Amino acid sequence: MTAKTIETTPYSDQKPGTSGLRKRVPVFSQPNYVENFIQSIFDSLEGFGGQTLVIGGDGRFYNDVAIQKAIRIAAANGFGKVLVGQGGILSTPAASNIIRHYKAFGGLVLSASHNPGGPDGDFGIKYNVSNGGPAPERITDAVYARTQVIDSYKTLDTPDIDLNLIGTQQVGGMVVEVIDPVADYAALMQSLFDFDAIRALFVSGFRMTFDAMHAVTGPYAHAILEGMLGAPKGTVINGTPSPTFNNGHPDPNLVYCKEMHDLLMTPDGPDFGAASDGDGDRNLIIGKNRFVTPSDSLALLAANVHLAPGYKDGIAGIARSMPTSAAADRVAEKLGIEMHETPTGWKFFGNLLDAGRVTICGEESAGTGSSHVREKDGLWAVLLWLNILAVRKQGVDEIVREHWKIYGRNYYTRHDYEEVDAAIAGQLVDDLRAQLPGLPGKTFEDDLQVAFADDFTYHDPIDGSTSAKQGIRIGFTDGSRIVLRLSGTGTVGATLRLYLERYEAADGRHDLDTQLALEPLIGIAEALAGVKSRTGRDAPSVIT
Ligand code: G16
């Protein structure tokens, strides 16, 4: 069957953000919108003729439509094979694993992560390279440049393939293999963690609740937690993926998982609560009477990861995104291993992981992962926590407190101002940037002296590339920090993220309310940037 060439015209708004192209479904549904973007990806790559492409998504509305289009375009462009998850489902970390395991050329990950789905919700397309990780900026820049001049795409006139039928089908000269989305991922998890110890933990009466948020991790969590690890049925809640996430917001934070959080704070509640997001790469960890911030979770996992068989020989280094708290830095220092600070975006960890310079990575945005794949991995983090709990035979709260006793506590919060007027948000950031040269040496609130103030620039130590303007940092001599940046994942207006951090030493006060502990910094941030006054908001949209 010969490929058809269809004429098209460019869309001006196809610039990939922090994690691929994310837009509302009505935007993606415009004529040739998906086709233009996918063809632009393929036009920016070389050497994929006859190779394998992985396609998977989080099951959200429009997933099936986009997958059928992607398969036809891949066939018409000369890919030899497509591996696609049954029902079009592959969690983002599972897709990364499939790319690596089957030595695919790359993959299309169809998701808008934690953003709501549905006919008026969000959709997204991200390209991952052969290491299983998101394409680096040099590729996403090339894709965007191509979208601006594209005048045709290639496709085939073929019927839809049956995404529910495991096995191979033919599309033109290309083979499409529909695979079990869970099996390879579950085997990988079993190779990393002490499943016998976790099974024994459940046998001992340990109670857990895992909220799959009607999103992609449901089938994975049912199979691994309730199937392989013997957790009682009902441990996994909201475990059937729904195209609209049951009209919910699949973001595992204290706003959207409030019910579970409140349950964990009651005497009769479970011992452990966890959740993952739309595409399965984020995680939320709550112990009895203890929410663990993602930044603390990264530090705790790094300090204890040697308790899991897959990491028994220790770790090479840790990387965190710049806005993530410095809690993990203290662990790296104690272990005498490398520590790296990268811009926001999992793609920046890829080179460090490939080079073996780091083993564990994490972000304040509820993402933690390791060298086992090249994406953050929600269930991996949950299983590592379970492995640690099983071996240490202590509760989450006790483990967290012991950690603070050794390393000190980094009080940390993020204030998000969503759907802000983009022009106001941009101006606000520019104005703060203009103040930076005058800030070092200045003292606020009697004792908070500015040590440095800059707009973060990252120099990749592996490929020498430079990424500038990655967020404004104001650091104080006591280790406190204020960070302000514009989100790269929102789909409406601009989202301003204000990150606040204060360090309390090992023998310090570790029981303060987080927002109260950070009040002085919140006040300084408002005085310098004026987020509330200039956006007309009296409070953040979300506090995490
Ligand atoms: C994506 C990226 C993360 C990033 C997060 C928030 O996560 O993969 O690296 O930290 O967005 O980015 P921003 O602050 O620019 O909105 P996900 O889970 O949305 O794919």
Side-chain angles (χ1 to χ4, degrees), residues 15-23 56-58 60 91-93 95-96 109-117 121-128 132-137 140 213 215-217 249-253 256 275-284 294-295 297-298 319-325 341-350 352-353 361-369 373-381 414-420 425 429 456 458 467 469-472 483-499 540-542 544:
K15 189 172 174 52
T18 306
S19 190
L21 184 69
R22 289 186 190 166
K23 302 279 177 197
D58 61 10
R60 69 178 57 225
S91 77
T92 293
S96 182
V109 180
L110 309 181
S111 169
S113 187
H114 52 289
N115 296 0
D122 287 348
F123 188 72
I125 302 179
K126 181 172 70 160
Y127 179 68
N128 282 25
E137 275 188 332
T140 54
M213 306 190 89
V216 79
T217 40
H249 195 140
D251 192 352
N253 62 28
Y256 301 112
S276 191
D277 68 331
D279 62 329
D281 57 2
R282 297 186 174 205
N283 71 86
L284 172 75
S295 293
S297 186
L298 171 65
R320 64 165 171 83
S321 67
M322 181 275 283
T324 304
S325 97
E341 187 178 40
T342 59
T344 293
W346 204 263
K347 59 186 174 228
F348 292 102
F349 295 136
L352 294 165
L353 288 163
C361 309
E363 295 189 281
E364 51 65 39
S365 55
T368 344
V373 289
R374 292 294 180 274
E375 291 277 5
K376 54 190 187 279
D377 188 344
L379 260 180
W380 171 89
R414 186 178 96 188
H415 291 188
D416 289 343
Y417 294 81
E418 294 172 347
E419 299 190 19
V420 170
V429 173
F456 180 55
Y458 179 59
S467 303
K469 291 198 169 174
Q470 296 295 325
I472 290 175
V483 172
L484 183 76
R485 60 179 281 280
L486 285 166
S487 157
T489 55
T491 53
V492 178
T495 295
L496 277 162
R497 300 207 198 281
L498 179 64
Y499 313 80
S541 326
V542 178
T544 52

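Computation of the quantities below employed the complete heavy-atom set of this structure, encompassing side-chain atoms and omitting hydrogens, waters and symmetry-equivalent molecules. Counting starts at 1 for both ligands and their atoms, in listed order. Predicted, not measured: the structure shown is a model, and the values here were computed from it.
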With nothing but distance in play, are any N or O atoms of [X] less than 3.5 Å from an N or O of ligand 1?
| X | value |
| --- | --- |
| G345 | yes |
| T344 | no |
| R22 | yes |

Can you list the atoms of ligand 1 that are under 4.0 Å from a heavy atom of [X]?
| X | value |
| --- | --- |
| H114 | 19 (O) |
| R485 | 13 (P), 14 (O), 15 (O) |
| E363 | 3 (C), 4 (C), 9 (O), 10 (O) |

- Just go through G367, S113, A366 and tell me whose heavy atom is the nearest to atom 17 (P) of ligand 1. S113
- Is there a heavy atom of K376 sitting under 4.0 angstrom from any atom of ligand 1? yes
- Query: Taking only residues two or more places apart in sequence or in another chain, which ones pass side chain to side chain contact (heavy atoms under 4.5 Å, CB included) with P116?
  - Reply: H249
- Which residue supplies the protein heavy atom nearest to atom 10 (O) of ligand 1, what is that atom called, and how far is it? S365 OG, 2.7 Å
- When distances are taken from atom 6 (C) of ligand 1, the protein heavy atom at minimum range is R282 NH2, 3.9 Å
- Short side-chain donor-acceptor distance under 3.5 Å, D416 and T495: no
- Side chain, backbone, both or neither: which part of R497 has a heavy atom under 4.0 Å from ligand 1? side chain
- Tell me, please, which residues at least two apart from D377 pass salt bridge (charged side-chain N to carboxylate O under 4.0 Å, His left out). none
